[in-house]
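Here is the structure we will look at.
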Protein chains: 2
Amino acid sequence: MDVGAVMGKLRGGGFKATPQRWEVVRAIAAEQHQSMEEIRARCPGVGMVTVYRTLELLSGLGLIRRLDLGGGPRWELAEDHHHHLVCESCGDVTEFDLCPLDPGLLDLSDHGFEARSHSVEVYGRCSVCQ
Amino acid sequence: MDVGAVMGKLRGGGFKATPQRWEVVRAIAAEQHQSMEEIRARCPGVGMVTVYRTLELLSGLGLIRRLDLGGGPRWELAEDHHHHLVCESCGDVTEFDLCPLDPGLLDLSDHGFEARSHSVEVYGRCSVCQ
DNA sequence: GAGCAAATGAAAACATTTTTCAATTACGAG
DNA sequence: CTCGTAATTGAAAAATGTTTTCATTTGCTC
Ligand SMILES: [Zn+2]
Ligand SMILES: [Zn+2]
Ligand SMILES: [Zn+2]
Ligand SMILES: [Zn+2]
């Protein structure tokens, strides 16, 4: 999903395609797993309040995802399903595609829980920090 | 691991067993997955700063774990290995023991990543909220 | 182009966590 | 048991992060 497609879905949802929203979406699309600070740095022309509101809006529409990996929220474009490797030394976040929950292995029936989504994070040391 | 054992390990680490630390540990042991607010409510006699510092200390010693499930940090005694079911409607957190990463299924060798720990969260609707 | 609801952003409010520092206290040595 | 001392506590202030307010601006439809 590229920047244009995201803006298209925004419009489709009845929201305005403002220059500020273009900027924020471009910033998010530039790199996955960015913090608020990093996103803001890529949007010098957009007020902080608008960045917060745009993240909230896009996330509500399911176009981006908020990550809780410790050390403050991070954001990513909601594209493919994947999970995260978090380096506890340098903080770098990378992805892996093999989903441990994929084959419906996990039986939650005895919990009476209706699963909607899930997240898997592996913490450790990246190849650089070892 | 009961309250006494945690305090023992604290002492063993060269830290003092103060009445405030007893209170905080007792509060944490009373229920898993509590927020700061809930823990504080169980420690009326302990200053906020001390609660923060004690959580930091215990977590540094690996005696408790901090959970990032969205909606602010939660804390639990570090006992058995388990993962979490988070209800997106009422916010209730429950546990399940079957670990999807258990059999070493996950091959991270091509990432050159040294895994230390992991977390798995399943989001959805609990039996009450469905 | 006019009209209007939606959107923006500066400032203020609010919430949460950390720092500071003077007073207190647990605990080992004597 | 008492003393000395470094560790600990907590009130206040500072720092940090996020949300609300509201007057002004603007994208979009007709
Ligand atoms: Zn990712
Ligand atoms: Zn998955
Ligand atoms: Zn738990
Ligand atoms: Zn596990």
Side-chain angles (χ1 to χ4, degrees), chain A residues 3-28 33-61 63-76 91, chain B residues 3-28 33-61 63-76 91:
Chain A
V3 176
V6 172
M7 292 307 290
K9 293 214 176 184
L10 250 193
R11 269 221 181 81
F15 300 96
K16 294 183 180 174
T18 66
Q20 290 91 343
R21 284 176 178 166
W22 275 95
E23 268 212 64
V24 173
V25 172
R26 247 184 266 118
I28 295 173
H33 322 133
Q34 291 181 87
S35 65
M36 183 66 189
E37 198 177 45
E38 293 169 312
I39 295 170
R40 282 244 285 153
R42 291 188 202 265
C43 299
V46 183
M48 177 189 56
V49 185
T50 298
V51 177
Y52 274 108
R53 281 191 288 223
T54 304
L55 293 175
E56 185 65 22
L57 175 64
L58 295 172
S59 140
L61 293 171
L63 299 171
I64 66 174
R65 279 189 293 255
R66 176 200 166 111
L67 308 176
D68 292 296
L69 308 174
R74 293 176 167 272
W75 302 85
E76 67 178 15
Chain B
V3 175
V6 171
M7 294 306 290
K9 295 214 174 183
L10 249 193
R11 267 219 181 83
F15 300 96
K16 294 184 180 172
T18 65
Q20 290 89 343
R21 284 174 178 167
W22 275 95
E23 267 211 66
V24 172
V25 173
R26 246 184 266 118
I28 295 171
H33 321 132
Q34 291 181 87
S35 65
M36 183 65 189
E37 198 178 43
E38 292 168 314
I39 294 170
R40 282 247 285 154
R42 290 188 203 265
C43 299
V46 183
M48 178 190 53
V49 185
T50 297
V51 177
Y52 274 107
R53 282 190 290 224
T54 304
L55 293 175
E56 186 65 22
L57 174 64
L58 295 172
S59 139
L61 292 171
L63 299 172
I64 65 174
R65 279 188 292 256
R66 177 199 166 110
L67 308 176
D68 291 297
L69 308 173
R74 293 177 166 271
W75 302 86
E76 67 178 13

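Computed from heavy atoms alone, side chains included, the values below leave out hydrogens, waters and symmetry copies. In what follows, every chain begins at residue 1, and chains take the letters A, B, ... in the order their sequences are listed.
- As judged by a 4.0 angstrom heavy-atom cut-off over every strand, A/G45 is placed among residues touching the sugar-phosphate backbone only.
- In this structure, B/T18 does not reach the C/dT25 phosphate: none of its side-chain N or O atoms is under 4.0 Å from OP1 or OP2.
- The CG atom of A/L55 sits 10 Å away from the P atom of D/dT18 (whole-angstrom rounding).
- With D/dG10, C/dC27, D/dT8 as the choices, the nucleotide that has an atom nearest any side-chain atom of B/V46 turns out to be D/dG10.
- Between the CZ atom of A/F15 and the C1' atom of C/dA5 there is a distance of 13 Å, given to the nearest Å.
- Put simply, NZ on B/K16 is 11 Å from C1' on D/dT9, counting in whole angstrom units.
- The side-chain heavy atoms of B/W75 and B/R65, taken from C-beta on, include no pair separated by under 4.5 Å.
- As judged by a 4.0 angstrom heavy-atom cut-off over every strand, A/R11 is placed among residues touching the sugar-phosphate backbone only.
- Considering only side-chain N and O atoms, B/Q20 lies under 4.0 angstrom from the phosphate OP1 or OP2 of D/dG10.
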- Task: Show your reasoning for whether salt bridge (charged side-chain N to carboxylate O under 4.0 Å, His left out) applies to B/E38 and B/R74.
- Result: CA-CA 9 Å; B/E38 292 168 314; B/R74 293 177 166 271; 3.5 Å; yes
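- Regarding A/E23, its CD atom lies at a distance of 13 Å from the P atom of D/dG27, rounded to whole Å.
- Rounded to 10°, the helix from C/dG1-D/dC30 to C/dG30-D/dC1 has 40° between the axis fitted to its first five pairs and the one fitted to its last five.
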N/O-N/O pairs, protein side and nucleotides 19-25 of chain D side, under 3.5 Å:
none

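- Regarding B/R40, its CZ atom lies at a distance of 15 Å from the P atom of D/dT9, rounded to whole Å.
- Nearest heavy atom pair, residue B/M36 against residue B/M48, reads CE-O, 4.2 Å.
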